[in-house]
Student: 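Please find one structure pasted underneath; my questions will follow.
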Amino acid sequence: MSQPNIPTISHSISGQATTGTSARRQHVTNPATGQVTGQVCLANVADVGAAVAAAKAAFPAWSNTPPLRRARVMFKYLELLNAHRDELARIITAEHGKVFTDAQGEVTRGIEIVEFACGIPQLLKGDYTEQVSTGIDNWTMRQSLGVVAGITPFNFPVMVPMWMYPVAIACGNTFILKPSPLDPSASLLMADLFKQAGLPDGVFNVVQGDKDAVDALLVHPDVQAVSFVGSTPIANIIYETGAHHGKRVQALGGAKNHMVVMPDADLDQVVDALMGAAYGSAGERCMAISVAVLVGDVGDKIMPKLAERTKALKIKNGVELDAEMGPIVTQAAKDRITGYIDIGVAEGATLLADGRVFAGKEAGAGCNAGFWLGGSLFDHVTTDMRIYKEEIFGPVLACVRVDDFAQAVQIINDHEFGNGVSCFTSDGNVAREFARQIQVGMVGINVPIPVPMAWHGFGGWKRSLFGDMHAYGEEGVRFYTKQKSVMQRWPQSIAKGAEFVMPTAK
């Protein structure tokens, strides 16, 4: 039901704000206070159809625009994003809850993809071979797909969409973004800034919504490709459904990221790294470290330090600049995380820091009704426990003790997820062998959260990625384009007479 006293967060279709034809709405809440701050429109099939139609109508002219002119729009968009980066960060903090400095970092990492996309004239260059046979030349070109869509999660409402649409649009496609209904407002500011940058109407559209909008995008015959980031079960469904309907699909799923701590590591550096990687953004990151693998005698040395630091986390409303961790995104997410903590205790793990005891009033004025948890720390976790095997997506760090490096590598390679991993060591050979042997898509050596830079591409292995191409970087360019090969000769070089054998180089 629509509520007149709170703002309505609309769609953006063909450069215009619209509430669409659906009457369904969902509350948007500030997780720090529990206060309802808006109501977001939830699209129906007709609303999705209107967005696809707008994108389809805009595609011929945009795809025919020279890449250099498309890049000039991207450069202007980059300028506007930099001018509004703190505004985007404030929106993220207000609707997601992550601390403002972390939100600033998210915006910056997203903007880096736009910077990469500004180089699209170079990135779209094909290959050319003269005289592949007598009088025949051969070259390749990369051409845009058409209407493409991105379905993005709540935890990075700016960065993850920017993994997708800047590259897709720079390649000459038109784009439909379906953001999370939990924190939808940033998507509209991004759309408005793109319009100000001179992007033609219909090239970038935002459709707010839930499963109904996703399902409509997956089956629409005019949507050529779908990018998705979210949980593994949904990524699997997105991949299978989209592929069944003839679409190119890139679906990034869940994670259970390990950090191996070798006996020769600098333990003070390790503790610092684990604090940020496990509890930053309240653990609501697909690249968060949720398992520490402690090799040899490391466990006895590091656990007291970890427990002390976990209990001392500065947990506050994200608008406070000294906050280290903010609230959980929703009450439902908080309940799911506390359920996992209960399970870990029941399974026999040792709970050294219990985030369930943290009360909202400790976070500051007005936070009593927010969705608050402290950091939780488990020791003596084993690989048969659910808190080890399943993605918790919250501020919970599980510590596993192993005897040696080989055992550490083995348990990581045996896990169903293969998104990110890290190893802290001072031994170059250990670092080299870890990078070679580990069956994970993104590896950090003394780097706790190894999110690749804009020109390298993001993606995991195993059940963390469904599809063949990683997000952004050169693989992103390949995902959002199709290769065409052209062979050419002219009449003067064509010999007389029909040829009935397979052509070969002559």
Student: Is there a donor-acceptor pair under 3.5 Å between the side chain of R436 and the backbone N or O of A431?
Tutor: no

Student: Can any side-chain N or O of N257 pair as donor or acceptor with the backbone N or O of A288 at less than 3.5 Å?
Tutor: yes

Student: So with a 6.0 Å cut-off around CG of D468, is the heavy-atom count from everything else above 12?
Tutor: no

Student: Indicate yes or no: at least one non-hydrogen side-chain atom of L218 is less than 4.5 angstrom from one of H245.
Tutor: no

Student: Can you check side-chain hydrogen bond (donor to acceptor under 3.5 Å, both in side chains) on S144 and N173, steps first, answer last?
Tutor: CA-CA 5 Å; S144 47; N173 301 285; 4.6 Å; no

Student: For E474, look at atom CD and say whether over 12 heavy atoms of other residues, nucleotides or ligands are found less than 6.0 Å away.
Tutor: no

Student: Does the distance from a Lys or Arg side-chain N to an Asp or Glu carboxylate O, for D272 and R309, drop under 4.0 Å?
Tutor: yes

Student: Are R85 and T108 close enough that some pair of their side-chain heavy atoms sits under 4.5 Å apart?
Tutor: yes

Student: Working to the nearest 0.5 angstrom, can you tell me the gap between K211 NZ and I234 CD1?
Tutor: 8.0 Å

Student: Can you list the steps and then say if S426 with M262 is a side-chain contact (heavy atoms from CB on, under 4.5 Å)?
Tutor: CA-CA 8 Å; S426 298; M262 296 299 295; over 6 Å; no

Student: Looking at I169, is its backbone amide N or carbonyl O close enough to the side chain of W62 to form a donor-acceptor pair, meaning the two atoms are under 3.5 Å apart?
Tutor: yes

Student: Using a 4.5 Å cut-off on heavy atoms from C-beta on, say whether the side chain of F156 contacts that of W163.
Tutor: no

Student: With heavy-atom distances below 4.5 Å as the criterion, would you say the side chains of E391 and S290 are in contact?
Tutor: no

Student: T310 side chain to G375 main-chain N or O, any donor-acceptor pair under 3.5 Å?
Tutor: no

Student: With side-chain hydrogen bond (donor to acceptor under 3.5 Å, both in side chains) as the criterion, how do Y279 and E324 come out once you've worked through the C-alpha distance, each side chain's angles and the decisive distance to 0.1 Å?
Tutor: CA-CA 8 Å; Y279 303 117; E324 295 174 335; over 6 Å; no

Student: Using side-chain heavy atoms (C-beta onward) and a distance below 4.5 Å, is V167 in contact with V477?
Tutor: yes

Student: Among residues at least two apart in sequence or on other chains, which ones pass ring-ring contact (aromatic ring centres under 6.0 Å, His included) with H470?
Tutor: none

Student: Is it the case that the ring center of F116 lies less than 6.0 angstrom away from the ring center of Y472?
Tutor: no

Student: Show, in sequence, the C-alpha distance, side-chain angles and deciding distance for K484 and Q143, and conclude whether the side-chain hydrogen bond (donor to acceptor under 3.5 Å, both in side chains) test is met.
Tutor: CA-CA 7 Å; K484 179 182 287 182; Q143 295 184 318; 2.8 Å; yes

Student: Are side-chain heavy atoms of Q104 and T101 found at a separation under 4.5 Å?
Tutor: yes

Student: Got more than 12 heavy atoms from elsewhere within 6.0 Å of CZ, R432?
Tutor: no

Student: Compare every heavy atom of P166 with every heavy atom of A117, then report the nearest pair and how far apart it is.
Tutor: CB-O, 3.6 Å

Student: Report yes if the side chains of I328 and P31 come closer than 4.5 Å at any heavy-atom pair, otherwise no.
Tutor: no

Student: The test is side-chain hydrogen bond (donor to acceptor under 3.5 Å, both in side chains); show your working for T425 and D427 and say whether it passes.
Tutor: CA-CA 6 Å; T425 181; D427 188 317; 5.6 Å; no

Student: Roughly how far, to the nearest 0.5 Å, is the CD1 atom of I337 from the CG atom of D342?
Tutor: 12.0 Å

Student: Report the relative orientation of the aromatic rings in Y388 and H415; use parallel for angles under 30°, tilted for 30 to 60°, perpendicular for over 60°.
Tutor: perpendicular

Student: Could you give me the CA-CA distance, side-chain angles and deciding distance for H380 and V400, then say whether side-chain contact (heavy atoms from CB on, under 4.5 Å) is met?
Tutor: CA-CA 6 Å; H380 300 293; V400 178; over 6 Å; no

Student: Flag yes if more than 12 heavy atoms outside K462 fall under 6.0 Å of its NZ atom; otherwise flag no.
Tutor: yes

Student: For R463, is there any backbone N or O sitting under 3.5 Å from a side-chain donor or acceptor partner on T232?
Tutor: yes

Student: Determine, using ring centers only, whether H258 and F417 are less than 6.0 Å apart.
Tutor: no

Student: In Å, rounded to the nearest 0.5 Å, how long is the span from CG of D222 to NZ of K247?
Tutor: 8.0 Å

Student: Measuring only between side-chain heavy atoms, which start at C-beta, is M164 closer than 4.5 Å to T152?
Tutor: yes

Student: Is there a donor-acceptor pair under 3.5 Å between the side chain of T174 and the backbone N or O of A55?
Tutor: yes

Student: Show, in sequence, the C-alpha distance, side-chain angles and deciding distance for V260 and F434, and conclude whether the side-chain contact (heavy atoms from CB on, under 4.5 Å) test is met.
Tutor: CA-CA 10 Å; V260 174; F434 182 82; 3.8 Å; yes

Student: If I take atom CD from residue Q250 and atom OH from residue Y480, how far apart are they, to the nearest 0.5 angstrom?
Tutor: 5.0 Å

Student: Between the side chain of W372 and the main-chain N/O of A32, is any donor-acceptor distance below 3.5 Å?
Tutor: yes

Student: Test I92 against E106 for side-chain contact (heavy atoms from CB on, under 4.5 Å), laying out the working first.
Tutor: CA-CA 9 Å; I92 294 169; E106 171 186 341; 3.6 Å; yes

Student: For E308, does the CD atom have more than 12 heavy-atom neighbours from other residues, nucleotides or ligands under 6.0 Å away?
Tutor: no

Student: How long is the straight-line distance from OG of S180 back to CD of Q208, given to the nearest 0.5 Å?
Tutor: 9.5 Å

Student: Give the intermediate values and the outcome of salt bridge (charged side-chain N to carboxylate O under 4.0 Å, His left out) for residues K98 and D183.
Tutor: CA-CA 11 Å; K98 69 177 64 174; D183 43 15; over 6 Å; no

Student: How close do V223 and A149 get, counting heavy atoms only, and between which atoms?
Tutor: CG1-CB, 4.2 Å

Student: Of the options Y165, F59, Y77, which is the one that meets F204 in a ring-ring contact (aromatic ring centres under 6.0 Å, His included)?
Tutor: Y165

Student: Between CE of M74 and SG of C118, what distance do you get to the nearest 0.5 Å?
Tutor: 5.5 Å

Student: With distance as the sole test, does N419 use its side chain to make a donor-acceptor pair with the main-chain N or O of G459 at under 3.5 Å?
Tutor: no

Student: Of the non-hydrogen atoms in I120 and A71, which two are nearest, and what is the gap between them?
Tutor: CG2-CB, 4.2 Å

Student: Nearest heavy-atom pair of A235 and A251: which atoms, and what distance?
Tutor: O-CB, 3.5 Å

Student: Would you say the side-chain atoms of R24 pair up with the backbone N or O of C41, donor to acceptor, closer than 3.5 Å?
Tutor: no

Student: Checking T93 side chain against R90 main chain: does a donor-acceptor pair fall under 3.5 Å?
Tutor: no

Student: Work out which heavy atom in I176 is nearest to a heavy atom in V147; give both atom names and the distance.
Tutor: CD1-CG1, 3.9 Å

Student: For the pair R386 and E347, evaluate salt bridge (charged side-chain N to carboxylate O under 4.0 Å, His left out) and give the outcome as yes or no after the intermediate values.
Tutor: CA-CA 8 Å; R386 285 183 62 189; E347 288 178 323; 5.4 Å; no

Student: Please give me the minimum heavy-atom distance between L42 and D210, naming the atom from each residue.
Tutor: CD1-OD2, 3.7 Å

